[in-house]
Amino acid sequence: MSMLSKLRCITVDVTGTLIAYKGELGDYYCMAAKAVGLPCPDYKRMHESFKAAYTDMAKRHPCFGHAAKMPNPDWWRLCVKDSFIRAGYEYDDKTFEKVFKRIYSTFGSSAPYSAFPDSHPFLRWARQKGFKVGIVSNAEYRYQDAILPALGLNQGSEWDFGVFSGIVGIEKPDPRIYEIALEMAGNIAPEEALHIGDSMHKDYIPSRSVGMSAMLLDRFKTSDAESWRDAGAVVLPDLVAVQELLTKEV
């Protein structure tokens, strides 16, 4: 009997699991500045400044401003402006708005992302096997409405339902996001669901805490993978290996 016989639902993380950034995030910020005639900012400094600005915004206005009913462009405008300021670049309002519009447009498209080659086949295989397939992601609505479809990861052919933090107002590692996923799957029992992600903190521990099975992907050979295994997690290199393990007779 394989693991498949126990499951009715598979949920999957997005970034690092189904898709990846093309290049460094700082590259796109710098290209936006150059496109409006500004000197190219320092790529590395820009990247590090964004991470700090994003972390701060996520603390002050979690879930992309969901509770405050903050419009999505306003949340990102504050985050992007703080990123440039932290990196040492402060533009007048008119110039900054030109830069921001380019950045916001770019990250609302498929341009900075690529889907891993095993993502489409795995999701379609899971749905063909009769499983409810869900997306669970700390992401805003554009992932659901624009980015994933632009990458060919479509609701209805690759996945059935999505739980996005910017839409539901709860984000990983809060276990409630997984409870919402189980409800959206049709009130499926936790022991009949598997979550696949790439973070011990955000994916494995909280999904296990509500009673789901869980697996972690180590696509980039991270130094943390060994500690994940030591903690008892199933760690696999890609979704091909996941499919092989799920269909293996035990």
Side-chain angles (χ1 to χ4, degrees), residues 13-33 41-91 96-97 99-108 111-113 135-144 147 162-178 180 195 197-207 209 216-220 222-225 227-228:
D13 169 54
V14 177
T15 307
T17 303
L18 294 178
I19 71 174
Y21 283 112
K22 287 193 258 182
E24 295 286 340
L25 183 138
D27 298 349
Y28 297 95
Y29 278 51
C30 295
M31 285 190 288
D42 182 277
Y43 286 65
K44 185 169 176 26
R45 200 160 79 224
M46 201 69 243
H47 184 74
E48 293 303 315
S49 296
F50 168 79
K51 288 196 294 186
Y54 182 90
T55 299
D56 185 57
M57 274 298 289
K59 286 179 181 175
R60 288 194 288 130
H61 301 288
C63 301
F64 305 94
H66 182 276
K69 295 182 169 54
M70 183 182 291
N72 196 61
D74 291 355
W75 193 96
W76 280 110
R77 185 176 283 104
L78 289 170
C79 183
V80 171
K81 188 161 195 174
D82 191 28
S83 300
F84 278 105
I85 291 171
R86 286 171 185 261
Y89 306 100
E90 195 157 359
Y91 307 125
F96 170 74
E97 195 59 26
V99 175
F100 170 71
K101 284 180 178 177
R102 286 182 176 274
I103 292 171
Y104 189 74
S105 174
T106 297
F107 283 94
Y113 314 99
I135 302 292
V136 181
S137 177
N138 284 354
E140 35 113 336
Y141 77 93
R142 292 185 299 170
Y143 268 61
Q144 174 179 268
I147 297 167
V163 188
F164 298 89
S165 62
I167 296 174
V168 301
I170 297 170
E171 61 188 7
K172 301 186 249 180
D174 190 329
R176 289 180 296 164
I177 199 167
Y178 295 98
I180 291 172
H195 179 67
D198 70 330
S199 168
M200 189 73 170
H201 176 59
K202 295 179 180 179
D203 294 300
Y204 189 85
I205 292 173
S207 62
S209 76
L216 291 174
L217 296 192
D218 179 30
R219 289 191 182 274
F220 304 109
T222 174
S223 58
D224 294 328
S227 66
W228 298 347

Residue pair A111 / Y28: nearest heavy atoms and the distance that separates them: O-OH, 4.0 Å
Main chain of M46, side chain of S49: is a donor-acceptor contact present, judged purely on distance under 3.5 Å? no
Note: P206 and P175 closest approach over all heavy atoms is O-CB, 4.0 Å
Measuring from atom NE2 of H195 to atom CD1 of I177, what distance do you get when rounded to the nearest 0.5 angstrom? 9.0 Å
Under the side-chain contact (heavy atoms from CB on, under 4.5 Å) rule, what do F107 and L25 come out as? Steps first, then yes or no, please. CA-CA 10 Å; F107 283 94; L25 183 138; 4.1 Å; yes
In terms of heavy-atom contacts, G162 and F164 come closest through CA-CE1, 3.6 Å
Any non-hydrogen side-chain atom of Y143 less than 4.5 Å from a side-chain atom of T15? yes
Under 3.5 Å donor-acceptor, D27 side chain and E24 backbone: yes
Looking at A52, is its backbone amide N or carbonyl O close enough to the side chain of D56 to form a donor-acceptor pair, meaning the two atoms are under 3.5 Å apart? no
Taking side chain as C-beta onward, heavy atoms only, is D198 less than 4.5 Å from R219? no
4.5 Å side-chain heavy-atom contact, V14 and I147: no
Look only at the side chain of Y29 and the backbone of V99, and say whether a donor-acceptor pair between them is shorter than 3.5 Å. no
Hey, which of F100, Y141, Y54 is the one that makes ring pair (Phe, Tyr, Trp, His ring centres under 6.0 Å) with W75? Y54
Evaluate whether atom NZ of K22 has more than 12 neighbouring non-hydrogen atoms of other residues, nucleotides or ligands under 6.0 angstrom away. yes
Geometric cation-pi criterion, K81 with F96: 6.0 Å, 45°: yes
Is the shortest side-chain heavy-atom distance between P112 and T106 below 4.5 Å? yes
Just verifying a value: how many Å separate C79 SG and D74 CG, rounded to the nearest 0.5 Å? 13.0 Å
Working to the nearest 0.5 Å, report the span between CZ of F64 and CD1 of I167. 10.5 Å
Tell me whether the rings of F50 and W76 are parallel (<30°), tilted (30 to 60°) or perpendicular (>60°). parallel
Closest heavy-atom pair, R77 versus E97, reported as atoms and distance to 0.1 Å, is NH2-OE2, 2.9 Å
Hey, what do you get for CG (L216) to OG1 (T17), rounding to the nearest 0.5 Å? 8.5 Å
For R142, does its backbone N or O pair with a side-chain atom of E140 as donor and acceptor, under 3.5 Å? yes
Would you call D13 and K202 a salt bridge, taking side-chain N to carboxylate O under 4.0 Å as the test? no
Could you tell me whether a side-chain N or O of S165 sits under 3.5 Å from a main-chain N or O of I170, the two making a donor and an acceptor? no
Judged by atom type as modelled, is there a donor-acceptor pair below 3.5 Å linking the side chain of N138 to the main-chain atoms of E171? no
For R102, does its backbone N or O pair with a side-chain atom of S105 as donor and acceptor, under 3.5 Å? no
Roughly how far, to the nearest 0.5 Å, is the CE atom of M31 from the OH atom of Y43? 7.0 Å
Restricting to non-hydrogen atoms, name the atom on Y89 and the atom on A87 that form the minimum distance, rounded to 0.1 Å. CE1-O, 3.4 Å
Distance from W228 atom CH2 to S199 atom OG, nearest 0.5 Å? 7.0 Å
Does R45 come within less than 4.0 Å of E48, counting only side-chain N to carboxylate O? no
